[in-house]
Protein chains: 2
Amino acid sequence: MAQRNTLQYIILGLLSQAPRTGYELTQDFAHEIGEFWQAQHSQIYPLLGKMEAQGLIAHTVEVTGTKLEKKRYRNTAEGQAVLTAWVGSPTPTMATTKDEFVLKLYFVQRADDTRLPGMIKEQLRIHREWLQHLEARRQLLFADPDAASQQFGHYLILDHALTRERQYVQWLEEQLARLPHN
Amino acid sequence: MAQRNTLQYIILGLLSQAPRTGYELTQDFAHEIGEFWQAQHSQIYPLLGKMEAQGLIAHTVEVTGTKLEKKRYRNTAEGQAVLTAWVGSPTPTMATTKDEFVLKLYFVQRADDTRLPGMIKEQLRIHREWLQHLEARRQLLFADPDAASQQFGHYLILDHALTRERQYVQWLEEQLARLPHN
DNA sequence: CCGCACATGTAAAGCGTTACATGATTGC
DNA sequence: GCAATCATGTAACGCTTTACATGTGCGG
């Protein structure tokens, strides 16, 4: 969706945890919070420049080896304030669910459509796999019960994603079982 | 999200149910399937022109009153074939959940953050309201048990949305109850 | 005759993905 | 030396939203 500057706030949020380079931010989007938002480096680098021009972040240069320059960004006081304001501000808009599978279902008119079992089984495979991935991440990050209180927000949204995926898998299983002659 | 032509397929799907004008399609996105996909008329009209140029749809002109011309579009055989192929094709990509509220949670580090109760209560209000809206729609559309078999796909995705919202509300209630000193 | 809904379009800007492009460092 | 990874950027394209723009029909 074309939301208002959401990526900018996410970057401020990540930088508030620890200063990062553009590359490290890209890695975070690929692995750490890829479950909740995606962004490529081609979007991140220009945005970092723009945010710096606006005074939200600032960078220092680190030299690795003899030549390689890394720009490590951190929030300015203003950036930190903008982040805090965003988190505390109302979120009146709901998530826009753009689930292509669900849309395809919409255009299946009859319960005995022969495509349905295959479609549902494919989604079951995908969502079960994802559920396993999320469970592995919870095991990895929050096996230690203290970790949950240290990064409460992270724990919360991982729990939310797990709940959602379990529900999705269960729903798919129920619908598959309910189909005629399956 | 920038998906591959999804809107085009949705239009083909809607037109396969009944021929429609651009205005009627816009209304459908606003009301009928707004839960699953959004599109404004400024995106729909140009796309209809493009799809007609590609031979997927064709229109006839209806005159209302003395002057007002309405273009009623319907699928060509080719358009219908493209729709069928899309519905039956694999859907390997998962829905990208871009839930701004969940992102904000991620950046709340501590369980005793004073912003949390308010944030969760706001979402509870929004999602309870939405749940009621969905329940009203099911009552309206599928009170008659025959209706579900007539429009099986529509019944399915409404059921899916209801399941998802009930789960979301329940999760929010649990987290709110679990917060310290609330 | 006035206001609202009906009806159709274009323009501009922002958001997001894919592809293009370059170079350095590290470990084997 | 070579490959994988680290590191940073730009370009082109497509999707989506917001705003601009115009005119008709209908009911009160």
Side-chain angles (χ1 to χ4, degrees), chain A residues 1-11 19-31 33-34 36-54 57 59-73 92-98 100 103, chain B residues 1-11 19-31 33-34 36-54 57 59-73 92-98 100 103:
Chain A
M1 178 169 56
Q3 227 134 331
R4 276 199 57 164
N5 278 335
T6 308
L7 181 57
Q8 191 178 138
Y9 298 115
I10 300 170
I11 289 176
R20 281 167 163 90
T21 67
Y23 187 84
E24 286 165 355
L25 285 168
T26 305
Q27 299 301 100
D28 288 339
F29 279 100
H31 306 119
I33 57 169
F36 311 103
W37 203 272
Q38 298 83 42
Q40 281 72 41
H41 75 275
S42 58
Q43 198 179 1
I44 290 168
Y45 287 115
L47 185 52
L48 286 172
K50 194 181 154 197
M51 288 167 72
E52 185 159 44
Q54 289 173 345
I57 57 176
H59 80 266
T60 51
V61 174
E62 290 176 8
V63 176
T64 305
T66 59
K67 287 184 179 174
L68 186 59
E69 295 193 344
K70 291 198 266 190
K71 296 183 182 174
R72 189 163 299 278
Y73 290 89
T93 50
M94 284 212 357
T96 49
T97 337
K98 296 201 162 179
E100 199 176 332
L103 276 170
Chain B
M1 181 176 49
Q3 226 135 332
R4 278 197 56 170
N5 277 334
T6 308
L7 181 57
Q8 190 178 135
Y9 298 116
I10 300 170
I11 290 177
R20 282 167 161 90
T21 66
Y23 188 84
E24 286 164 355
L25 285 168
T26 305
Q27 298 301 100
D28 288 339
F29 279 100
H31 306 118
I33 56 169
F36 310 104
W37 204 272
Q38 298 83 41
Q40 281 71 41
H41 76 275
S42 59
Q43 198 179 2
I44 290 168
Y45 286 116
L47 185 52
L48 285 172
K50 194 182 155 197
M51 289 168 71
E52 185 159 45
Q54 290 172 344
I57 56 176
H59 80 267
T60 50
V61 172
E62 289 177 6
V63 176
T64 305
T66 58
K67 286 183 182 177
L68 186 58
E69 296 193 344
K70 290 197 266 191
K71 296 181 181 177
R72 189 164 299 276
Y73 290 90
T93 50
M94 284 209 0
T96 49
T97 336
K98 297 201 163 179
E100 198 176 333
L103 276 170

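Throughout, protein chains are lettered first and strands after them, A, B, ... in sequence-line order, and every chain is numbered starting at 1. Values below: all heavy atoms of this structure, side chains included; hydrogens, waters and symmetry mates excluded.
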Between side-chain atoms of residues 62-70 of chain A and protein atoms elsewhere (two or more places apart, or another chain), which donor-acceptor pairs fall under 3.5 Å?
{"unit_1": "A/Glu62", "atom_1": "OE1", "unit_2": "A/Arg72", "atom_2": "NE", "d": "3.4"}
{"unit_1": "A/Glu62", "atom_1": "OE1", "unit_2": "A/Arg72", "atom_2": "NH2", "d": "3.4"}
{"unit_1": "A/Glu62", "atom_1": "OE2", "unit_2": "A/Arg72", "atom_2": "NE", "d": "2.7"}

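- One can place CD of B/Glu24 at 13 Å from C1' of C/dA5, the figure rounded to the nearest angstrom.
- Between the CD1 atom of B/Ile11 and the P atom of D/dC15 there is a distance of 12 Å, given to the nearest Å.
- Between A/Gln43 and B/Pro46, the residue anchored nearer the 5' end of DNA chain C, judged by the nucleotide with its closest heavy atom, is B/Pro46.
- Distance A/Arg72 CZ to D/dA7 C1': 12 Å, rounded to the nearest Å.
- The side-chain heavy atoms of B/Met51 and B/Leu47, taken from C-beta on, include a pair separated by under 4.5 Å.
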Quick one, give me the B/S/- string for nucleotides 19-28 of chain D, reading 5' to 3', where B means a protein heavy atom under 4.0 Å from the base and S means that only happens at the primed atoms, P, OP1 or OP2.
B----SS---
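- One interatomic measurement links the two molecules: CZ of A/Arg20 to P of D/dA7, which rounds to 13 Å at whole-angstrom precision.
- Within the 3.5 Å criterion, the main-chain N or O of B/Leu48 finds no donor-acceptor partner in the side chain of B/Glu52.
- Listed here is the closest heavy atom pair of B/Lys98 and A/Trp37: CB-CZ3, 3.4 Å.
- Out of D/dT8, D/dT18, C/dT8, the shortest distance to the side chain of B/Gln40 is found at D/dT18.
- Among all heavy-atom pairs drawn from A/Leu7 and A/Ala39, the shortest one is CD1-CB, 3.8 Å.
- C/dG14 atom P lies 13 Å from atom CG of A/Leu47, rounded to whole Å.
- Look at A/Lys70 and you won't find any side-chain N or O under 4.0 angstrom from OP1 or OP2 of C/dA24.
- Between the NE2 atom of B/His31 and the P atom of C/dA5 there is a distance of 11 Å, rounded to whole Å.
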Which pairs, protein N/O on one side and nucleotides 2-5 of chain D N/O on the other, fall under 3.5 Å?
none

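- The CD atom of A/Glu62 sits 15 Å away from the P atom of D/dC6 (whole-angstrom rounding).
- OP1 or OP2 of D/dC15 has at least one side-chain nitrogen or oxygen of B/Asn5 nearer than 4.0 Å.
- Of all non-hydrogen atoms in A/Pro19 and A/Glu24, the two that sit nearest each other are O-OE1, 4.2 Å.
- Look at CZ on A/Arg4: it is 13 Å from C1' on C/dA13, rounded to the nearest Å.
- Within the 4.5 Å cutoff, the side chain of A/Phe29 has heavy atoms near those of the A/Ile10 side chain.
- Residue B/Tyr73 places its side chain closer to C/dG9 than to any other of D/dG9, D/dT17, C/dG9.
- When all heavy atoms of A/Tyr45 and A/Tyr23 are compared, the pair lying nearest together is OH-N, 3.4 Å.
- Taking the side chain of A/Lys98 as heavy atoms from C-beta on, and the options D/dT8, D/dT16, C/dC15, the nearest nucleotide is D/dT16.
- Atom OG1 of residue B/Thr26 and atom CZ of residue B/Arg20 lie 11.5 Å apart, to the nearest 0.5 angstrom.
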